[in-house]
Amino acid sequence: MTEAILLVGGKGTRLRPLTVHTPKPMVPAAGVPFLTHQLARARAAGVEHIVLATSYLAEVFEPHFGDGAALGLHLEYVTEEEPLGTGGAIRNVASRLHSAPDDPVLIFNGDILTGLDIEALVSTHRSSGADVSLHLTRVEDPRAFGLVPTDSTGRVTAFLEKPQTPEEIVTDQINAGAYVFRRSVIDTIPAGRPVSVERETFPDLLASGAHLQGMVDSTYWLDLGTPQAFVRGSADLVLGRAPSPAVPGRCGDRLVLPTASVAGDAKLTGGTVVGEGAVVGEGARIDGSAVLADAVIGAGAVINDSLIGAGAVIGARTVLSGAVIGDGATVGADNELREGIRVWCGATLPDASVRFSSDQ
């Protein structure tokens with residue numbers, strides 16, 4: 001396996017305000033852009049050439065990663081003028097691939113954090129003779145996902161969209177967002193128009209008699225589409241629960257990047273990461289949270305399961321729980337923000353202006 005496509009064109013609407021100025025794959029997780037973890041894991045599995053299918057804020061990617069040499073990769077970038085969906089994006093970059101018609105091409109969604117055994121997926125694809133192989137994972141409640149039942153040999157038998165009744169839930173296996181395509185199959189995807197690989201390409205291939213193989217891999221898997229999930233994923237990377245060779249330091253309860261400043265009596269736990277240039281004041285307590293570059297956390301602040309954007313300022317004694325604070329925002333002293341509240345980039349909340357009590 002030497003080639004892969006990374007789908008990184010989504011707008012990340014559910015992650016706003018984190019994605020107002022930054023595409024979702026470039027939002028820092030465990031101290032580096034999330035995409036870095038995906039690229040590093042692909043390289044560790046033997047991938048050498050990766051094409052990034054970009055769209056939203058496409059200009060951000062290449063200045064950061066360049067030609068990929070620093071990661072031991074050869075990176076190329078293809079930008080969609082109009083969003084083409086997952087299938088359309090795959091087809092749009094086909095001309096940049098070097099593989100022969102029967103060679104495998106690995107495809108990743110840019111918002112999935114996973115411990116997938118990439119080499120095992122490729123091996124399953126080769127040994128089964130499949131046209132497309134899919135990484136499947138099992139979930140307790142599959143109603144929010146598309147189900148992918150398989151037969152006793154792992155061959156996919158159907159694609160069932162978001163079942164709602166018990167009778168419709170015929171399996172707990174879902175599409176986990178990583179695939180191996182036979183190179184020639186990519187050329188059968190219609191060009192120049194939006195195509196959903198999940199809703200159009202896969203069902204059409206199945207209907208035509210193509211061989212679609214599923215491989216269930218129940219290692220770590222998390223869709224980072226919401227702020228709460230993104231914060232959890234970052235913490236799990238720091239804690240070592242989610243594997244990545246790109247975490248810039250030792251795994252543990254906390255990760256403090258080199259130019260950050262943390263007061264001696266501040267307490268950082270639960271996989272908290274403090275980014276470059278950030279400052280954490282005296283007596284602050286931060287658990288399971290991400291503090292991005294150049295943010296300032298005031299003395300005595302208490303922050304749980306939250307994400308503090310780049311350059312944001314959190315005032316003294318302010319309490320945040322499940323909050324997302326946008327880049328450059330200021331939350332004054334003695335505020336209390338809970339229940340998934342989001343503060344927009346550059347916004348300012350005065351001292352003691354917001355308070356959530358336990359009986360609200």
Side-chain angles (χ1 to χ4, degrees), residues 15 18-19 22-44 64-65 70-71 110-115 219-224 226-314 318 320-327:
L15 273 179
L18 302 181
T19 51
T22 306
K24 178 167 52 177
M26 295 299 288
V27 177
V32 297
F34 172 67
L35 181 57
T36 308
H37 299 289
Q38 290 188 305
L39 293 173
R41 293 199 73 248
R43 183 67 191 94
H64 185 89
F65 292 107
L71 292 170
D111 54 3
I112 302 295
L113 177 59
T114 177
T219 54
Y220 185 98
W221 183 86
L222 185 64
D223 179 345
L224 301 184
T226 66
Q228 293 75 22
F230 200 96
V231 170
R232 176 183 158 197
S234 177
D236 284 348
L237 283 161
V238 174
L239 291 165
R241 294 172 180 166
S244 171
V247 176
R250 298 172 61 180
C251 292
D253 236 15
R254 55 187 266 174
L255 173 64
V256 179
L257 296 196
T259 60
S261 174
V262 177
D265 63 348
K267 187 175 183 180
L268 310 179
T269 56
T272 288
V273 58
V274 181
E276 297 278 2
V279 176
V280 178
E282 295 179 355
R285 291 184 287 133
I286 309 177
D287 180 67
S289 298
V291 179
L292 302 191
D294 301 315
V296 176
I297 310 300
V302 178
I303 300 174
N304 297 302
D305 303 326
S306 297
L307 195 148
I308 314 303
V313 177
I314 308 302
T318 281
L320 304 178
S321 181
V324 179
I325 310 302
D327 296 345

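Residues: numbered from 1 along the sequence shown.
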How close do [X] and [Y] get, heavy atom to heavy atom, and via which atoms?
{"X": "Arg254", "Y": "Val262", "value": "NH2-CG1, 4.4 Å"}
{"X": "Val280", "Y": "Ala266", "value": "CG1-CB, 3.9 Å"}
{"X": "Leu307", "Y": "Val231", "value": "CB-CG2, 3.6 Å"}
{"X": "Ser306", "Y": "Asn304", "value": "OG-O, 2.8 Å"}
{"X": "Val273", "Y": "Gly31", "value": "CG2-N, 3.8 Å"}
{"X": "Ala30", "Y": "Leu237", "value": "CB-CB, 3.6 Å"}

*Calculate, to the nearest 0.5 Å, the distance between atoms CG and CG belonging to Leu224 and Leu18 respectively.*
11.5 Å
_Can you tell me how far apart CZ (Phe34) and CG (Leu113) are? Round to the nearest 0.5 Å._
5.0 Å
*Would you call Leu320 and Ile308 a side-chain contact if the rule is heavy atoms closer than 4.5 Å?*
yes
*Counting heavy atoms not belonging to Arg43, are there more than 12 under 6.0 Å from its CZ?*
yes
*For side-chain contact (heavy atoms from CB on, under 4.5 Å), just list the numbers for Asp287 and Ile303, CA-CA rounded to whole Å, side-chain angles, deciding distance to a tenth of an Å, and then say yes or no.*
CA-CA 6 Å; Asp287 180 67; Ile303 300 174; over 6 Å; no
For residues 243-251, run the donor-acceptor check on the side chains, cut-off 3.5 Å, and write out each pair with its distance to 0.1 Å, sequence neighbours left out.
residue : atom : partner : partner atom : Å
Ser244  : OG   : His37   : ND1          : 2.6
Ser244  : OG   : Ala246  : N            : 3.0

_Pair Asp111-Phe230, side-chain contact (heavy atoms from CB on, under 4.5 Å): steps then yes or no_ = CA-CA 9 Å; Asp111 54 3; Phe230 200 96; over 6 Å; no
*Let me see the working for Thr272 and Val238 under side-chain contact (heavy atoms from CB on, under 4.5 Å), right down to the final yes or no.*
CA-CA 7 Å; Thr272 288; Val238 174; over 6 Å; no
Using modelled atom types and a 3.5 Å cut-off, is there a donor and acceptor pairing between side-chain atoms of [X] and backbone atoms of [Y]?
{"X": "Arg41", "Y": "Thr114", "result": "yes"}
{"X": "Glu276", "Y": "Thr259", "result": "yes"}
{"X": "Asp294", "Y": "Ala310", "result": "no"}

